[in-house]
Colleague: 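Structure in structure tokens, see below.
Indexing begins at 1, ligand by ligand and atom by atom, following the structure's order. As the structure is a computational prediction, the values presented were derived from the model and not from experiment. Below, all heavy atoms of this structure are taken into account, side chains as well, without hydrogens, waters or symmetry copies.
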Amino acid sequence: MDPSRTRIVIVGAGQAGARAAEALRAAGHRGSISLLGEEQHPPYERPQLSKAMLTNASEEPRFIRNSQDWAAIDIKLSTSTPTVAVDVNRRAIGLSDGREISFDRLLLATGTRPRRLRDLENCGLRVCYLRCIDDALELRRNLAPGTKVVLVGGGVIGLEVASAAIARGCDVTVLEKADRLLPQVGSPALSGYLRRLHSDRGVAICCNATIMGVTAKGIELADGKTVPTDLVVVGVGVEPAADLARQAGLAVDQGIRVGPSGMTDIDGIYAAGDVAEQWSGWHGRWMRVENWANAQNQAIATARNMVGQDVSYEVPPWFWSDQFDANIQVIGHPGGADEIVRGDVERGRFTTISLRDGEVVGAVTVNSQKDMALLRRLAASRKRVNPSDIANPAFDLKQALTS
Ligand SMILES: Cc1cc2nc3c(=O)[nH]c(=O)nc-3n(C[C@H](O)[C@H](O)[C@H](O)COP(=O)(O)OP(=O)(O)OC[C@H]3O[C@@H](n4cnc5c(N)ncnc54)[C@H](O)[C@@H]3O)c2cc1C
């Protein structure tokens with residue numbers, strides 16, 4: 001087919017969809033590109049929602065491009081336009097308003113949705129989730145000084161909101177059902193550090209917390225405590241928005257399964273970003289990766305494959321989080337009893353490194369960005385290192401890369 005007539009449709013105008021659309025044009029694609037999103041806003045990046053937009057009452061949301069700039073690169077952006085069906089045989093998608101759009105290639109970049117706690121929603125409490133601009137604006141309106149805010153979930157979202165709520169003068173409690181904060185990361189050093197960081201700033205932390213019910217006095221826990229509550233923010237993980245893919249008969253497990261090029265099991269249909277599940281040679285298993293870097297880079301690699309380039313995408317997962325004045329960065333899967341800790345945990349500047357057979361399989365840095373830059377390269381290189389070198393505080397990590 002004449003490439004200038006190849007019609008590409010992207011469902012999901014989040015970060016991955018937007019970056020893929022830009023990358024298609026950058027790769028020289030001359031056919032039509034339709035970018036379809038169900039939100040009313042043009043595409044934006046989500047990290048701002050739990051950081052500047054909450055802490056600063058006048059912070060305006062930032063968009064990847066405004067609506068006119070999408071037209072300038074000949075991308076037809078349609079907001080408030082949910083896609084409701086994918087017909088793989090007729091190569092067409094159906095929109096909620098009854099229209100159909102035909103495609104030659106389709107990218108599903110539908111992301112994730114917050115896991116909801118219906119029982120709490122039905123107890124008469126004000127319950128918020130944080131996924132989109134409208135959620136952030138609503139939450140911000142409610143973070144008034146003295147408001148009793150309870151975060152259900154001591155993961156990244158819960159802890160970032162806790163930090164913002166303290167900055168806004170709220171009275172904050174974090175309920176985490178595991179025995180430590182950020183259990184998903186699995187680093188005992190990081191969990192211990194976060195507990196101190198948040199407690200020192202006035203956050204009440206309850207680990208091993210099981211919610212039994214809600215009374216007029218607040219949320220009742222299994223240990224008999226009652227936590228007074230004006231506002232509940234739930235951050236207990238997300239689920240892939242994979243219903244369209246399932247209905248269309250694509251292979252879906254923990255997300256939409258894609259091969260190394262980003263293509264699903266049906267020719268010409270691709271997936272990228274939070275919704276895609278890809279084999280990780282680095283981890284040796286299928287993985288759905290939920291972070292900013294993956295939404296950007298996997299989407300760009302997939303877009304290039306969609307127009308005939310041959311690009312493979314495989315890097316260790318990496319994300320960051322900002323809480324109070326701490327910058328936390330994580331790659332791979334750190335943790336376990338064997339993590340090597342370098343630096344000063346008490347003073348909030350340290351690095352932890354987890355090795356398997358001498359390879360870096362996970363690392364955490366707190367206020368140590370330079371270490372993370374080195375460790376990302378070291379992990380990606382799959383070089384073997386000597387554990388006793390890494391454990392030696394005088395050893396320069398740069399040497400591990402160059403030796
Ligand atoms: C509050 C918050 C803070 C974060 N902070 C960080 C951070 O500090 N560092 C980090 O690394 N990562 C962070 N992340 C994660 C990062 O933002 C996500 O990994 C990234 O947004 C994933 O991009 P995506 O495009 O795959 O999915 P999404 O951003 O979820 O976008 C998918 C889009 O598709 C739309 N959609 C879904 N179904 C349909 C349909 N049927 N029709 C049309 N449109 C549809 C959705 O409405 C959505 O707009 C944060 C996430 C959140 C929510």
Side-chain angles (χ1 to χ4, degrees), residues 9-21 34-54 61 63-64 77-86 93-97 101 106-115 128-137 139-140 153 155-161 163-164 233-235 237-248 255-256 258 262 271-278 288-300 302 317-323 326-331 372:
V9 169
I10 301 173
V11 176
Q15 186 188 347
R19 294 304 181 196
S34 301
L35 177 57
L36 307 164
E38 66 187 0
E39 289 183 55
Q40 59 171 311
H41 306 285
Y44 56 91
E45 295 180 349
R46 296 186 196 274
Q48 60 183 321
L49 306 182
S50 50
K51 303 176 183 69
M53 275 192 65
L54 290 188
F63 297 99
I64 291 176
L77 170 68
S78 305
T79 52
S80 305
T81 306
T83 296
V84 294
V86 175
I93 57 150
L95 303 179
S96 60
D97 59 12
I101 304 182
L106 173 68
L107 175 67
L108 296 173
T110 45
T112 49
R113 301 204 169 98
R115 202 169 283 139
C128 296
Y129 297 85
L130 181 55
R131 185 73 199 170
C132 60
I133 286 181
D134 300 336
D135 295 339
L137 293 175
L139 181 53
R140 182 164 85 183
V156 170
I157 299 287
L159 295 176
E160 288 193 352
V161 175
S163 148
V233 184
V234 177
V238 292
E239 287 163 356
D243 338 352
L244 278 178
R246 264 194 212 97
Q247 281 158 17
I256 306 174
V258 296
D274 276 15
V275 78
E277 190 185 29
Q278 193 168 18
R288 204 167 53 69
V289 176
E290 297 161 11
N291 63 43
W292 176 95
N294 183 68
Q296 169 133 330
N297 298 325
Q298 189 192 36
I300 292 173
T302 302
W318 165 75
F319 74 87
W320 84 94
S321 172
D322 295 320
Q323 297 168 31
N327 171 265
I328 297 144
Q329 300 192 34
V330 177
I331 44 166
M372 183 48 79

Colleague: Minimum heavy-atom separation for Cys132 and Arg46, please, with both atom names.
Modeller: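 So the minimum-distance heavy-atom pair works out to CA-NH1, 3.7 Å.
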
Colleague: Restricting to non-hydrogen atoms, name the atom on Tyr44 and the atom on Ile64 that form the minimum distance, rounded to 0.1 Å.
Modeller: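 The answer is CA-CG1, 3.9 Å.
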
Colleague: Applying side-chain hydrogen bond (donor to acceptor under 3.5 Å, both in side chains), name anything that partners Ser50, two or more places apart in sequence or on another chain.
Modeller: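 Partners of Ser50 under the side-chain hydrogen bond (donor to acceptor under 3.5 Å, both in side chains) test: Glu160.
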
Colleague: Taking atom types as modelled, find out whether Gln15 and Asp274 have a side-chain donor-acceptor pair closer than 3.5 angstrom.
Modeller: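 No, Asp274 and Gln15 have no side-chain donor paired with an acceptor closer than 3.5 Å.
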
Colleague: Might you point out which heavy atoms bring Leu54 and Leu130 nearest each other, and give the distance in Å?
Modeller: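 That closest heavy-atom pairing would be CD1-CD2, 4.2 Å.
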
Colleague: May I have the N/O to N/O pairs between ligand 1 and the protein that fall below 3.5 Å, each with atom names and distance to one decimal?
Modeller:
unit_1, atom_1, unit_2, atom_2, d
ligand 1, 5 (N), Lys51, NZ, 3.3
ligand 1, 8 (O), Lys51, NZ, 2.6
ligand 1, 8 (O), Trp320, O, 3.1
ligand 1, 9 (N), Trp320, O, 3.1
ligand 1, 11 (O), Trp292, N, 3.1
ligand 1, 12 (N), Trp292, N, 3.3
ligand 1, 19 (O), Asp274, OD1, 2.7
ligand 1, 19 (O), Asp274, OD2, 3.4
ligand 1, 19 (O), Asn291, N, 3.1
ligand 1, 19 (O), Asn291, O, 3.3
ligand 1, 25 (O), Gln15, N, 3.2
ligand 1, 25 (O), Ala16, N, 2.8
ligand 1, 26 (O), Asp274, N, 2.8
ligand 1, 29 (O), Arg46, NE, 2.5
ligand 1, 29 (O), Arg46, NH2, 3.2
ligand 1, 30 (O), Arg131, NH2, 2.7
ligand 1, 31 (O), Arg46, NH2, 3.3
ligand 1, 38 (N), Arg113, NH2, 3.4
ligand 1, 41 (N), Thr83, O, 3.0
ligand 1, 42 (N), Thr83, N, 3.0
ligand 1, 44 (N), Glu38, N, 3.1
ligand 1, 47 (O), Glu38, OE2, 2.9
ligand 1, 49 (O), Glu39, OE2, 2.6
ligand 1, 49 (O), Arg46, NH2, 3.1

Colleague: Do Phe63 and Ile133 make a side-chain contact, defined as non-hydrogen atoms from C-beta onward lying under 4.5 Å apart?
Modeller: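 Of all side-chain heavy-atom pairs linking Ile133 with Phe63, at least one is under 4.5 Å.
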
